[in-house]
Each structure stands twice: as structure tokens, then as C-alpha cells.
Amino acid sequence: MTKAFYITTAIDYANGTPHLGHAYEKVLTDVLARYHRLKGERVQFLTGLDEHGQKVQQSARARGIEPIDLCDEAAGLFQGLCAKLLISNDDFIRTTEERHKSVVRRLLQDLHDRGLIYQAEYKGFYSTRAEQFLQEKDKVDGEWPEIYGEVVEITEANYFFRLAQFQDWLVEHIQTHEDFIFPRFRARQVLEFLKEPINDLCISRPKERLSWGIPLPFDDAYVTYVWFDALVNYISAVGQGTPEFEAYWPADYHVIGKDILVPPHAVYWPIMLHACGIPLPKTILAHGWWLKSGRKVSKSTGVTIDPLELIDRFGPDPFRYFVTREMNVGQDSEFSVELFLSRYGSDLANDLGNLINRLLNMAGRYRDATVPSSGEPGEEESTLRSLWEETRPSVLGLYDEFLFHTALEKTFEFIRATNRYTERRAPWKLAKNTDPAAAGQLDTTLATMAEAIRLALSLLGPVMPETREKGFQLLGSGPADTWENELAWGDSLAGSRLAAPTILFPRPGPDLAPVDQPG
Ligand code: MSP
């Protein structure tokens with residue numbers, strides 16, 4: 001079997017509810033997954049839920065329920081988010097599943113057998129919120145930053161993974177694999193972090209403090225540290241240890257937020273894999289944060305935006321379009337409902353929706369709702385077609401470079417050019433003109449509009465899958481055998497029956513209440 005293009009998101013904490021940050025990451029990963037599927041690749045897209053750890057145990061206790069019941073509830077919410085957003089994940093892993101736990105136990109046992117895990121006394125500062133030990137250097141201006149919540153000093157015997165002995169190897173790997181971390185400036189940050197000696201990683205928690213975890217296979221008085229457990233999902237989900245594994249691994253992209261790059265994904269994970277003799281993922285793609293009034297959208301900052309409300313109101317594609325159009329992957333982006341409404345109104349309702357509606361209207365009125373055959377293209381048609389011939393490769397190139405916001409900008413430039421073309425050709429005037437040449441020009445204009453719309457819808461496919469499908473239905477057309485063929489300018493629509501005029505992106509009424517909570 002050919003190796004799949006394997007792409008993953010981070011797995012979300014089960015003690016939270018889905019917010020804009022989670023929704024964005026799933027959309028971004030889905031855009032990549034759909035893009036590669038459209039290019040004809042076999043794709044495996046994994047997302048899931050991070051279910052163990054202190055926070056889940058505490059939240060469940062606070063509610064008087066079992067941790068697994070809390071996780072089942074969260075799994076429903078996050079899977080519901082995926083469905084509403086049309087996320088095309090092939091798998092959803094939960095770290096409480098046996099297929100995951102058995103791989104974690106096997107890796108731990110293997111590392112222990114080879115002397116890479118040892119027991120030692122640990123005395124230090126511990127953050128319950130971050131579930132990690134801290135060092136003096138983590139303080140800012142002599143204080144523990146707010147993100148760590150309550151920090152307490154504890155002493156306990158624990159198990160440690162020999163992380164430090166792989167530090168030089170990791171530095172060399174990052175230096176010699178330019179594509180390992182995207183954007184590049186983040187790779188430089190990781191190398192900066194690695195200039196200081198790293199400590200061995202404490203990978204256990206005594207059961208008396210934390211029982212909600214995977215017991216260590218060699219000492220069941222302890223459970224596994226949640227990061228050591230969670231990271232393994234990327235390989236446990238694709239059958240590490242079985243022959244099928246080769247058909248997926250190494251992952252092509254791990255899509256994560258910048259907050260979990262250093263140290264979990266850029267330090268712990270590569271070293272864990274290397275120590276186990278497993279190849280490394282090809283690329284870690286670290287996106288930026290969605291902010292609201294300059295603050296990170298998250299459960300712990302109390303700033304949350306329920307993406308489901310926007311999706312319920314407008315459907316999945318406007319949300320998918322907005323987050324992909326606004327966020328320059330790698331940078332942070334400010335969210336506001338006003339900005340969402342402005343993009344919705346100008347790009348979707350005005351530029352794209354109106355264009356489609358106009359075609360359906362005019363073809364309905366003048367050509368019995370059938371796409372005519374184009375006559376000889378004139379200068380206007382040739383100019384629009386040349387723009388398409390430039391737009392298509394340039395947009396695909398931008399997709400390859402993760403520059404989705406610019407890819408959408410360029411796609412919409414083409415859509416706006418098609419609107420200008422329509423204005424200049426003025427089919428409503430041609431329809432009134434009794435000169436026989438005008439009838440041919442009207443055919444050509446309607447055929448050109450229909451073709452340009454079909455192509456734009458196709459190019460929007462990775463970001464707006466529902467719009468592509470619905471739009472194709474309105475055009476009386478369907479997907480081609482390959483995306484490459486679908487993106488070629490042609491006359492496949494000639495003779496197609498068009499649907500009745502439809503408003504694809506209805507303007508919101510005046511009663512649209514703000515859907516974000518005060519920051
Ligand atoms: N459970 C860990 C990840 C383990 S991966 C082996 C975790 N969970 S999380 O629920 O806090 O975050 C899940 C993902 O959402 C992370 O990649 C995180 O960066 C992303 N986001 C959370 N808030 C975000 C924003 N405000 N903006 C964009 N993405 C952010 O971390």
C-alpha cells in the first residue's frame with residue numbers, strides 16, 4: 001500500500017469545551033487534508049481528545065462524576081464540533097482507549113528495559129494547572145506567570161526519562177532538517193531554547209496524587225505524565241507495532257498551536273521517538289493564537305467564543321472561510337464579530353453570492369436556464385481566462401506554502417475580476433440588443449461567467465467544501481474525475497441546466513445579536 005499523507009491536530013483537553021482556538025486548528029488541518037485529497041493523495045487525518053491528567057480528575061470530582069463520564073461528555077462535544085465544521089477526519093482517538101494505552105505501556109517498558117527511564121528523588125515547584133514542574137527561570141519578575149495557576153513546592157520519588165542525553169542530537173536534527181518546524185522563525189526559537197541545558201523529563205505521577213492516568217507498566221504505584229501519554233496518540237492511532245504502521249508513519253504534518261511547540265512537540269516528542277527507534281514526523285506546523293481584545297481565547301483566560309453559535313447562524317463555510325482568510329498561519333489574529341460580518345458581507349454575500357445569483361437570474365431569463373455554448377472569445381474573455389491561468393498555479397503554490405490567507409485573497413481577486421467582466425459585458429444590455437451578433441455575445445458572456453464561477457468554486461474546495469458542492473449543483477455540474485481536470489478552463493458546462501436563482505449567503509437580519517461574550 002502506498003504511504004498515506006498523514007496529518008494530525010493536537011488532541012484537545014477533555015476538561016474544556018470547544019472554543020474558537022480548537023475550531024480554527026481543526027479547520028486549518030482540514031483545509032490541508034482536503035487539499036491533499038483533491039490532489040489525489042490517500043489521506044489519513046487524525047484528531048482526538050486528551051483525556052487523562054489532574055485537570056480532568058479535578059473537574060470530574062468537582063462535579064461529583066467519574067472522570068470517564070466527563071470524558072464521554074467532552075468527546076460528544078468535540079466530535080459534534082467536527083461534524084458541524086465539516087471536518088473530514090478519518091479517525092478520532094481518545095487516550096482512554098485500549099489501542100492507545102497499550103502502545104504507551106509498551107514504549108515505557110521498552111525505554112525502562114533499555115535504561116532510559118530511571119527513578120530519582122524530585123524536589124521542586126509544581127504547577128497543577130500546567131501539570132508540570134517549574135524552575136526558577138520560569139518566573140517572570142520574580143512571580144509565577146498567571147498561566148501556571150497555583151504553584152506548590154513538593155518532594156517525591158519519581159521516574160525520569162533521559163531527555164538530556166539526546167539534546168545535541170536534537171539540535172543537529174533541527175539544524176539539518178529545514179522543514180521540521182514551520183514557520184522557520186519558530187525553529188530558531190526552539191534552537192534558542194536548546195542553548196540552555198535541558199533536564200531529564202519527569203514522566204510519572206504518584207497514584208496517591210493522581211489516579212486518572214495510565215499506570216506505569218513497571219511500577220503501578222505511578223501513572224504516566226500526561227504529556228508522555230498524549231503525544232503517543234499520533235502513533236498509537238495508526239497501529240504502532242503492527243505492519244500497518246508503515247502505511248502511515250512518519251506523519252507529514254502535526255498541526256499544533258504555538259503554545260505547545262516548546263517543549264512538548266519540538267523537544268519531548270522527537271526525543272521520545274528517536275529513543276524508541278521510530279522515525280520523526282516530517283513537519284510540525286505551529287499556528288498562532290486567536291485573540292480577543294489582545295488576549296488569548298482560552299478557558300483559563302476566561303475569554304471564550306463559542307464557534308458553534310456562528311456556525312449555527314451562518315453555516316460551516318463562512319466560518320471556515322473567515323478563519324482561513326484572516327489568519328496568517330504562524331501569526332496571531334484578532335477575532336471580532338464585526339470583522340466576521342464584514343468579510344461575510346463583502347466577500348461572500350457580495351462578491352461570490354451575487355455573482356452566482358446574477359448568472360442564475362440572467363440565464364433563467366434569457367436562455368431558458370441553460371448554459372449556452374460559448375462563441376469565439378473576445379478580448380474581455382481572453383483577459384479573464386489569462387487571469388485564471390495565472391491564478392490557478394499561484395493559488396496552488398500558496399496552498400503548498402501554508403499561505404492560505406493569500407490563496408483566498410487571490411481567489412477572490414479572480415471572483416471580483418469576473419464581476420467586473422460581467423459589468424463590462426453587461427448581458428442585460430446585450431439581451432435587449434436586436435443586432436444578431438449581440439445574441440452570440442450574450443451566449444459567450446453567460447458561458448464565460450458560468451465557467452469562471454465553476455473554476456472559482458473548485459479552487460475554494462479545500463476551504464469551502466459545502467459551497468463547492470452546492471454551487472456545482474446550482475450549475476447543474478459535478479466534480480470532475482481529477483481536481484486537475486476540474487481546474488482546467490473548458491466548456492464542460494455547455495448545455496447544463498441551471499437551478500432557479502438562489503441566495504447562497506443571505507445577509508443577516510438587523511436582529512443579529514453579538515455572539516461573542518465580553519472579554
Ligand atoms: N491536550 C493538549 C495537546 C496535546 S497534543 C498531543 C492541549 N490541549 S488544548 O485543548 O489546550 O489545546 C488544543 C489545541 O488548541 C492546541 O494546539 C492549542 O494551541 C490550540 N489552541 C488553544 N487556544 C488557542 C487559541 N486561542 N488560538 C488558536 N489555537 C489555540 O494543549
Side-chain angles (χ1 to χ4, degrees), residues 7-30 46-56 59 71 74-75 77-78 81-82 85 87 92-96 100 103-104 129-132 147 149 186 213-214 224-237 251 253-270 272-273 281 284-307 319 322-324 326-336 516-517 519:
I7 184 163
T8 66
T9 66
I11 49 172
D12 305 314
Y13 284 131
N15 67 315
T17 47
H19 62 59
L20 179 64
H22 302 126
Y24 169 68
E25 185 169 297
K26 293 193 197 301
V27 169
L28 170 64
T29 315
D30 191 56
L46 173 73
T47 187
L49 205 59
D50 187 354
E51 304 195 355
H52 290 125
Q54 194 127 6
K55 284 177 274 185
V56 174
S59 303
C71 294
L77 288 176
F78 280 94
L81 174 74
C82 288
L85 278 170
I87 303 300
F92 187 98
I93 189 156
R94 300 180 53 182
T95 53
T96 46
H100 172 73
V103 176
V104 173
R129 182 181 290 166
E131 290 185 21
Q132 72 185 71
I147 50 159
R186 296 242 176 258
I214 304 175
T224 312
Y225 169 48
V226 73
W227 270 110
F228 196 100
D229 163 349
L231 288 161
V232 172
N233 90 88
Y234 301 132
I235 53 175
S236 63
Y253 299 118
H254 286 323
V255 179
I256 57 161
K258 64 177 187 179
D259 50 321
I260 55 170
L261 179 65
V262 187
H265 282 84
V267 181
Y268 304 161
W269 184 226
M272 281 163 68
L273 287 168
I284 301 171
L285 173 58
H287 60 75
W289 284 342
W290 279 96
L291 308 173
K292 178 84 189 125
S293 311
R295 294 171 67 206
K296 182 185 178 219
V297 173
S298 85
K299 186 176 151 81
S300 52
T301 58
V303 182
T304 56
I305 292 161
D306 185 352
F319 178 86
F322 173 75
V323 291
T324 317
E326 281 304 312
M327 180 76 98
N328 176 352
V329 178
Q331 308 294 323
D332 292 345
S333 207
E334 178 72 28
F335 177 87
S336 84
D516 56 339
Q517 296 159 10

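FYI, side chains are in, hydrogens and waters are out, and symmetry mates aren't considered; it's all heavy atoms of this structure. In each ligand, atom 1 is the first atom listed, and ligand 1 is the first ligand listed.
At least one N or O atom of Trp290, backbone or side chain, sits closer than 3.5 Å to an N or O atom of ligand 1. The distance criterion of under 3.5 Å between nitrogen or oxygen atoms is met by Asp50 with respect to ligand 1. Taking distance alone, with nitrogen or oxygen atoms compared against 3.5 Å, Tyr13 approaches ligand 1 more closely than that limit. Close N/O approach between Ile11 and ligand 1 is found [any backbone or side-chain N/O within under 3.5 Å]. Ligand 1 has a nitrogen or oxygen under 3.5 angstrom from a nitrogen or oxygen of Gly257.
Under the 3.5 Å distance criterion, the side-chain polar atoms of Thr224 are matched with a main-chain donor or acceptor of Ile214.
Near Tyr234, with a cut-off below 4.0 Å to any heavy atom, the atoms of ligand 1 are 5 (S), 6 (C). The Asn233 neighbourhood of ligand 1 comprises atoms 6 (C), with distances under 4.0 Å to a heavy atom of that residue. Interface of Ile256 with ligand 1, defined as ligand atoms under 4.0 Å from a residue heavy atom, comprises 17 (O).
A 4.5 Å side-chain heavy-atom check between Ser336 and Lys292 finds at least one atom pair inside the cut-off. In this structure, Val232 and Met272 have side chains that are in contact, with non-hydrogen atoms separated by less than 4.5 Å. Taking the side chain as every heavy atom from C-beta outward, Trp290 and Val323 approach each other to under 4.5 Å.
A salt bridge between Asp12 and Lys26 is present, with a side-chain N of the basic residue lying under 4.0 Å from a carboxylate O of the acidic one.
If you check which protein heavy atom lies closest to atom 20 (C) of ligand 1, you get Glu25 OE1, 3.6 Å. Among all non-hydrogen protein atoms, the one lying nearest atom 13 (C) of ligand 1 is Asp12 OD1, 3.1 Å. Counting only heavy atoms of the protein, atom 18 (C) of ligand 1 lies nearest to Asp259 OD1, 3.7 Å. Atom 26 (N) of ligand 1 has Val297 O, 2.8 Å as its closest protein atom, hydrogens excluded (heavy atom only). Counting protein heavy atoms only, atom 29 (N) of ligand 1 is closest to His287 CE1, 3.2 Å.
With atom 24 (C) of ligand 1 as the reference point, the heavy atom nearest to it among Gly21, Gly288, Ala23, Ala286 is part of Gly21. When the heavy atoms of Glu51, His22, Lys292, His19 are ranked by distance to atom 23 (N) of ligand 1, first place goes to His19.
Between Trp269 and His254, the ring-plane angle classifies as tilted under the 30° and 60° cut-offs. The aromatic rings of Phe322 and Phe335 lie perpendicular to each other, with more than 60° between the two planes, well past the 30° mark.
No side-chain donor-acceptor contact under 3.5 Å links Glu326 and Ser333.
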| request: List the steps, then state whether side-chain contact (heavy atoms from CB on, under 4.5 Å) holds for Asp30 with Leu85. | output: CA-CA 9 Å; Asp30 191 56; Leu85 278 170; over 6 Å; no
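Contacts between Trp227 and ligand 1 below 4.0 angstrom, taking non-hydrogen atoms only, involve the side chain exclusively.
Residue Ile11 is tested with Leu49, Thr95, Leu231 for a side-chain contact (heavy atoms from CB on, under 4.5 Å); the sole match is Thr95.
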